[in-house]
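Working notes, beginning with the structure itself.
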Amino acid sequence: MADKKKKKPQKLKARSPRGFVDRSAADIRATDEMIGKIREVYERYGFDPVETPAFEYTDCLGKFLPDTDRPNAGVFSVQDDDEQWMSLRYDLTAPLARHVAENINEITLPYRTYRNGWVFRNEKPGPGRFRQFMQFDADTVGAPGVQADAEMCMMMADTMEALGIARGDYVIRVNNRKVLDGVMEAIGLGGDENAEKRLTVLRSLDKLDKFGEEGVRQLLGKGRKDDSGDFTEGAGLDEQDISELFGIVILSTPDELFEVIGKPPYETKRNANLIAGANELNTMQSIFENCGYERDRIKIDPSVVRGLEYYTGPVYEAELLFDVTNEKGEKVQFGSVGGGGRYDGLVKRFTGQDVPATGFSIGVSRLMTALKNLGKLGQDDVLAPVLVTVMDKDTESLGAYQKMVQDLRGAGIRAEMYQGNPKDFSKQMRYADKRGCPIVIIQGNDERQSGKVQLKDMIEGKRQAAAIESNEEYRAARPGQFEIEAGSLVDEVKKLLAAQK
RNA sequence: GCGGACGUAGCUCAGUUGGUUAGAGCGCUGGAUUGUGGCUUCAGAGGUCGGUGGUUCAAAUCCACCCGUUCGUACCA
């Protein structure tokens, strides 16, 4: 045993890093298809592409200033030659803010741009959750009015439909940060001393989808015990505060919002934030209505939270409403597939001047899993190539095979010559079978002498083969195969491909 | 990060109270078949039993720690 162990050469284990995956041909094609459809919508809305690099100086990205203890908390960071910290971008918004600030004198505002690209997060990966994933963003920089936000919401809705998601299978939920801030202020959570508590409240509200109203009420109050028996400390609000909070958070139109804040207990507690938020939502709602985006597409929902860090006004997110099942057939909570909002302070960090902006992000990788499971994405509809098999290995024959391939390619047909070891013909057939080749082309010495070529319809061949039992018979029958004039190869292949559709 | 479950061949899994050389199905490679996919049949390759340490005459099996997967939870720009 010990001897055996020593003799074994230590093989290097091939493995991709945790949370990183390789993409198959089908995935790449599906992604390309999605990106194309999304881009078409953005272009139609008058946005232009711009691209930023994968790395940024860490301080430009935002809150993660790596200290020597944990330089990679949340982000992947490395130190450059000159000891400056750089990080892989974790979203596309912060780098855009940097780009705008750096080029503020050349850029004409309002600046309308889109971009897609990989972003990286150094977090615990899970099923459908990776440390590298793709986002597709659109932003309007230098637009202070909520009509820019409303446009974003409508563009998100159009994008969902362009991707083949039916109306009613998605919804864009819209809120305004000022409403949440105002409500929290109204129940006495204003001021710097309550900053921590406000965060807890927002985090709790964000879990409405997951835990339902009862679960969130527990989180807002004393706390909640989860299935594993773990206890999560609550925000510590009393029953009355929670009720007042829910009185607003469950509403679904600006009219209802105005009504509630016009009556007790809000009549006396309402504040500038709450009123401004309601007014902004009202303006956006009327834009949606005027443009024909009813509540089955875009819906006001004061429980929407989004990120805690930089949003300052309207926030919005796209949610899928149909059930998504995973490979094991289990239903998965899918949640939002994209979202965004107004970030008026992000560029100002660099320039000192107010540069209001709004934009959103679509989680391409995430959305793709949903669409794939739903069969709404072209299931790799690229046809495998026609295979020209190699029967004779002399120089002249090889040249003839290659010529057939080139002729087919010249006619726009995917084609390839067998590039493995050609000594075993049945191996070539098995290759064609596994590859899914629709047609195999065969020319041996006999055919060449008489200027013919064999064309084998792999689909028809498979069908006929089912009735044949003995191997001898099967081989003799050559199912699905017929002979044509070598000169008409391209035409015959075209004809057969068309017939196979 | 915290708590639970799990980890044996490429895949799905079996492996008795700790006991000889760790198995099956599928897949893979090759032969039967030097001009034909499927079927049939024969053969073969493939395992640090997740890792390290410990208990024991003896560990895939028991113990500890670590790593990974997964579920819940926390965090998520």
Side-chain angles (χ1 to χ4, degrees), chain A residues 1-2 4-11 13-15 17-19 61-64 70 73-75 87 89-95 97 119-127 129 131 135 199-200 203-204 206-207 210-211 215 219 223-233 305-311 326 328 330 335 339-341 343 346 361 387 389-393 422-437 440-447 454 456-481:
Chain A
M1 189 68 182
K4 201 179 170 187
K5 233 177 189 173
K6 266 178 205 160
K7 267 185 247 164
K8 272 266 162 331
Q10 194 67 23
K11 278 180 291 186
K13 172 119 177 145
R15 67 219 204 279
R18 205 160 58 98
L61 281 182
K63 65 174 178 178
F64 292 98
R70 300 181 63 199
V75 295
S87 298
R89 61 188 177 193
Y90 52 78
D91 71 8
L92 298 176
T93 310
V119 300
F120 306 84
R121 294 189 187 178
N122 193 358
E123 290 168 354
K124 185 173 104 179
R129 199 177 163 153
R131 297 205 288 176
Q135 293 191 331
L199 273 182
T200 312
R203 284 175 187 143
S204 307
D206 207 19
K207 297 189 171 67
K210 208 170 178 182
F211 300 147
L219 281 173
R224 178 179 180 274
K225 194 182 244 181
D226 65 55
D227 295 347
S228 70
D230 215 30
F231 184 75
T232 308
E233 189 69 35
V305 178
R306 295 303 301 167
L308 307 167
E309 202 59 23
Y310 53 59
Y311 291 126
N326 64 14
K328 290 176 192 156
E330 299 160 341
Y343 51 97
L346 217 47
S361 176
L387 182 74
T389 54
V390 176
M391 206 116 240
D392 300 317
K393 294 103 193 166
K423 80 171 190 335
D424 185 352
F425 189 72
S426 83
K427 197 170 169 175
Q428 300 191 40
M429 291 305 297
R430 265 175 303 185
Y431 172 81
D433 188 40
K434 281 181 189 156
R435 191 119 159 71
C437 297
V440 164
I441 290 160
I442 305 160
Q443 189 185 51
N445 197 38
D446 299 347
E447 288 87 359
Q454 299 281 343
K456 184 170 173 114
D457 180 339
M458 294 296 281
I459 299 164
E460 175 62 14
K462 185 164 204 152
R463 204 184 58 76
Q464 290 179 13
I468 305 174
E469 275 178 28
S470 88
N471 199 40
E472 290 76 14
E473 195 188 335
Y474 172 73
R475 289 176 164 228
R478 298 182 179 178
Q481 191 170 327

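In what follows, chains carry the letters A, B, and so on, assigned in the order in which the sequence lines appear, proteins first and then strands, with residues in each chain numbered from 1. Note that the structure is a prediction, hence the values are computed from the model and not measured.
Of the C1' atoms belonging to B:A22 and B:G38, the separation is 35 Å, rounded to the nearest Å. One P atom belongs to B:C13, the other to B:G19, and the distance between them is 24 Å to the nearest Å. Between the P atoms of B:U12 and B:C71, the separation comes to 15 Å (whole Å). If you take atom P in B:U17 and the same atom in B:G46, they sit 32 Å apart, rounded to whole Å. Separating the P atom of B:G53 from that of B:G15 is a span of 28 Å, rounded to the nearest Å. The separation of B:A60 from B:C76, taken at their P atoms, amounts to 46 Å, rounded to a whole angstrom. Rounded to the nearest Å, the gap between the P atom of B:A24 and that of B:G47 is 15 Å. Atom C1' of B:C6 sits at a distance of 22 Å from the matching atom of B:G25, rounded to the whole Å.
Among the atoms of the strands shown, only primed sugar atoms or phosphate atoms (P, OP1, OP2) are found under 4.0 Å from some heavy atom of A:F211. In this structure, A:R89 reaches neither bases nor backbone, as no heavy-atom distance under 4.0 Å exists between it and the strands shown. Note on A:R18: only backbone sugar-phosphate atoms sit closer than 4.0 angstrom, heavy atoms only; bases stay farther off. Contact annotation for A:Q443: no contact, since no heavy-atom pair falls under 4.0 Å across all strands. Within 4.0 Å (heavy atoms only), A:D457 reaches at least one base atom of the nucleic acid. In this structure, A:K124 reaches the bases: a heavy-atom distance under 4.0 Å links it to at least one base atom across the strands shown. Within the 4.0 angstrom heavy-atom criterion, only backbone atoms of the sugar-phosphate kind lie near A:R430; the bases stay farther away. In this structure, A:D91 reaches the sugar-phosphate backbone alone: every heavy-atom distance under 4.0 Å involves primed, P, OP1 or OP2 atoms, never a base. The residue A:K207 sits close only to the backbone: its heavy atoms come under 4.0 Å of sugar-phosphate atoms, none of a base.
Atom-to-atom, CD1 of A:I468 to C1' of B:U40 comes out at 15 Å; the value is rounded to the nearest Å. If you take CZ of A:R131 and C1' of B:C75, they are 15 Å apart, rounded to a whole angstrom. Rounded to a whole Å, the CD1 atom of A:I442 is 16 Å from the P atom of B:U34. Atom CG in A:D206 sits about 11 Å away from atom P in B:A74, given to the nearest Å. Counting to the nearest Å, the P atom of B:U36 and the CD atom of A:Q481 are 10 Å from each other. A:R121 has its CZ atom 11 Å from the P atom of B:C76, to the nearest Å. Regarding A:N445, its CG atom lies at a distance of 14 Å from the C1' atom of B:U34, rounded to whole Å. For the pair A:D424 CG and B:G35 P, the interatomic distance rounds to 9 Å; values are reported in whole Å.
Pairing for B:A43 is with B:U29, a Watson-Crick or G-U wobble pair whose two hydrogen-bonding atom distances lie under 3.5 Å. When Watson-Crick and G-U wobble pairs are counted only if both distances are under 3.5 Å, B:U56 pairs with no nucleotide at all. Within the shown strands, nothing qualifies as a pairing partner of B:U36 under the Watson-Crick or G-U definition with both distances less than 3.5 Å. In this structure B:U20 sits in no base pair that meets the Watson-Crick or G-U test at under 3.5 Å. Shown here, B:U73 forms a base pair with B:G1; the pair counts as Watson-Crick or G-U wobble because both key distances fall under 3.5 Å. B:G68 and B:C6 make up a base pair, with Watson-Crick or G-U wobble contacts both under 3.5 Å.
Residue side chain A:K456 reaches the base of B:G37 through a donor-acceptor N/O pair under 3.5 Å, judged by distance alone. The base of B:G37 lies outside donor-acceptor range of the side chain of A:Y431, with no N or O pair under 3.5 Å. With hydrogens and angles ignored, a donor-acceptor pair closer than 3.5 Å exists between the side chain of A:N471 and the base of B:U33. Below the 3.5 angstrom threshold, one finds no donor paired with an acceptor across the side chain of A:Q428 and the base of B:G35. Taking only distance into account, the side chain of A:R129 meets the base of B:C76 through a donor-acceptor pair shorter than 3.5 Å. Applying the 3.5 Å distance criterion, the base of B:U33 shares no donor-acceptor pair with the side chain of A:E472.
Both A:K423 and A:A466 sit near RNA chain B, but only A:K423 has its closest nucleotide nearer the 5' end. Nearest-nucleotide positions on RNA chain B place A:G461 closer to the 5' end than the other of A:L199 and A:G461.
The A:K210 side chain lies nearest to B:U73 when the options are B:U73, B:U36, B:G35. When each of B:G35, B:G37, B:U70 is scored by its nearest atom to the side-chain atoms of A:M429, the top-ranked nucleotide is B:G37.
When side chains are defined from C-beta on, A:V440 does not count as touching A:Q428, because their heavy atoms never get closer than 4.5 Å. You'll find the side chain of A:F231 stays beyond 4.5 Å of the side chain of A:R224, heavy atoms only. You'll find the side chain of A:F120 stays beyond 4.5 Å of the side chain of A:S87, heavy atoms only. The shortest distance between side-chain heavy atoms of A:R131 and A:R121 does not fall below 4.5 Å. Contact of the A:N122 side chain with the A:Y90 side chain is not registered, since no non-hydrogen atoms from C-beta on lie closer than 4.5 Å.
In this structure, CD1 in A:I468 is found 12.5 Å from CZ in A:R475, a value given to the nearest 0.5 Å.
Between A:K456 and A:Q481, the closest heavy-atom pair is CD-OE1, 3.8 Å. Scanning all heavy atoms of the two residues, the minimum distance from A:R463 to A:E460 falls at NH2-OE2, 2.9 Å. Looking at every heavy atom in both residues, A:M458 comes nearest to A:A432 through CE-CB, 4.0 Å.
Dashed line: the shortest gap from a side-chain N or O of A:K427 to OP1 or OP2 of B:U36 is not under 4.0 Å. In this structure, A:R203 reaches the B:C75 phosphate: one of its side-chain N or O atoms is under 4.0 Å from OP1 or OP2. For the OP1/OP2 pair of B:G37 and a distance below 4.0 Å, the side-chain nitrogens and oxygens of A:R475 include at least one atom meeting the criterion.
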